[in-house]
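Have a look at the structure below before the remarks.
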Amino acid sequence: MHPIIKLVSQRLALGFLLLFGASALIFGLTEALPGDAAQAVLGQSATPESLANLREEMGLNRPALTRYFEWLGGIVQGDMGTSLTNKLDIAESVSSRLGNTLFLAFWAAIVSVPLAIFLGLVAVRYRNRWPDKLISAVTLTTISIPEFLIGYVLVYFIAVKLGMFSPLAMINDSMSIWQKLNSIALPVIVLTMVVLAHMMRMTRAAILNVMQSAYVETAELKGLSNFKVIWRHAFPNAIAPIVNVVMLNLAYLVVGVVVVEVVFVYPGMGQYLVDHVTKRDVPVVLACGVIFAAIYIGLNMVADIVAILANPRLRHPK
């Protein structure tokens with residue numbers, strides 16, 4: 001078997017194993033929480049008889065292991081189940097929410113990835129000079145501040161004081177693309193500020209590492225400008241680690257938007273998950289958790305596979 005096919009197969013198998021482990025962990029954590037969905041629906045004043053009847057109706061009186069494997073079998077067949085609290089089909093409820101989350105993550109990536117790579121190139125071009133130090137200081141400052149704090153500060157100064165964007169990121173299908181972009185402008189800015197530093201620093205480090213290579217020195221001796229050497233020779237050979245860190249941050253943009261969605265009341269997966277966690281709606285929590293885990297693990301696998309394909313020793317084995 002070719003080394004690349006073997007390594008890719010191993011990564012895919014490991015990904016499915018991790019996804020199975022993540023689903024079991026999420027289920028175990030929800031089971032460990034005090035109370036259940038029946039208690040959340042009926043409240044603290046419910047009688048033991050009414051609780052027992054509702055638990056039987058919801059299927060909560062069966063063993064946890066039985067419920068887990070029934071749910072897992074449904075997921076494998078594409079059935080996410082029904083919400084315990086509102087009896088709605090979870091797949092239908094999740095579809096629009098997931099689309100909204102991917103829409104937000106997509107535009108955050110469109111802004112953050114090119115900006116991070118550009119700032120990384122500028123930092124290398126002016127390394128150890130004031131542009132490099134300024135870029136590093138600003139990006140490290142933004143990544144050190146909690147997302148919710150950045151969000152509330154932007155809402156106060158940009159939305160309330162300046163009136164530039166809406167403080168609530170509410171979107172629907174009837175809105176035009178420009179209305180949607182105006183509505184999600186603040187969440188996109190927050191997510192960009194959060195992931196920018198990591199991608200910029202990795203771009204800078206990867207290019208500086210390649211700059212020490214002999215072929216880069218040869219290009220410099222030919223009289224090429226510093227920026228041409230960086231862009232034409234160093235950057236293409238630093239793609240593998242840059243793609244890795246970009247994929248990791250794209251995964252974060254999708255699965256790490258929970259806080260941002262709650263701050264801006266955005267109708268995405270994060271807000272949907274938080275709403276049903278408070279209700280102890282286990283099927284919904286499990287479905288959202290597995291979707292987030294699948295996206296995170298999938299993007300990490302893509303990063304690994306790209307790194308494997310970028311390795312010449314694997315592409316051309318002796």
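The shown structure was predicted, so the numbers you read here are calculated from the model rather than taken from an experiment.
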So which atom in [X] and which in [Y] form the shortest heavy-atom distance, rounded to 0.1 Å?
X	Y	result
Val155	Pro167	CG1-CB, 3.8 Å
Leu286	Ser23	CD2-O, 4.2 Å
Ile117	Thr203	O-CG2, 4.1 Å
Ala24	Tyr68	N-OH, 3.5 Å
Thr139	Ala197	O-CB, 3.2 Å
Met200	Ala123	SD-CB, 4.4 Å

Test item: [X] and [Y] side chains (from C-beta on) under 4.5 Å apart, heavy atoms:
X	Y	value
Leu72	Phe20	yes
Val245	His198	yes
Leu253	Asn249	no
Ile295	Ile291	yes
Val285	Leu273	yes

Is it true that [X] and [Y] fall in one hydrophobic cluster, defined by side-chain heavy atoms closer than 4.5 Å?
X	Y	result
Leu140	Leu149	no
Val113	Val111	yes
Val190	Phe148	yes
Ile145	Val195	yes
Leu162	Met193	yes

Evaluate Leu98 against Leu102 for side-chain contact (heavy atoms from CB on, under 4.5 Å), listing each step before the verdict. CA-CA 6 Å; Leu98 180 59; Leu102 293 177; 4.1 Å; yes
Excluding sequence neighbours, so at least two apart, what forms side chain to side chain donor-acceptor pair (under 3.5 Å) with Ser174? Asn172
Apart from Val265 itself, which Ile, Leu, Val, Met, Phe, Trp or Tyr residues share its cluster (side-chain heavy atoms under 4.5 Å, direct or through members)? Leu168, Met170
What distance separates [X] [atom1] from [Y] [atom2], expressed to the nearest 0.5 Å?
X	Y	atom1	atom2	result
Leu134	Arg129	CG	CZ	13.5 Å
Leu196	Ile143	CG	CD1	9.0 Å
Leu299	Leu250	CG	CG	6.5 Å
Glu92	Ile90	CD	CD1	11.0 Å
Leu19	Leu14	CG	CG	11.0 Å
Leu181	Phe165	CG	CZ	10.0 Å

Would you indicate whether Phe103, at its atom CZ, is surrounded by more than 12 heavy atoms from other residues, nucleotides or ligands within a distance under 6.0 Å? yes
Any donor-acceptor pair under 3.5 Å linking the side chain of Asn182 with the backbone of Trp178? no
Can you list every salt bridge (Lys or Arg N to Asp or Glu O under 4.0 Å) pair that touches residues 9-26, not counting sequence neighbours? Arg11-Asp304
Salt bridge (Lys or Arg N to Asp or Glu O under 4.0 Å): which pairs involve residues 184-212, sequence neighbours left out? Asp132-Arg204
Give every residue pair that meets the ring pair (Phe, Tyr, Trp, His ring centres under 6.0 Å) criterion with at least one member in residues 262-282, sequence neighbours excluded. Tyr272-His276
Could I get the full list of ring pair (Phe, Tyr, Trp, His ring centres under 6.0 Å) partners for Tyr252, not counting sequence neighbours? none
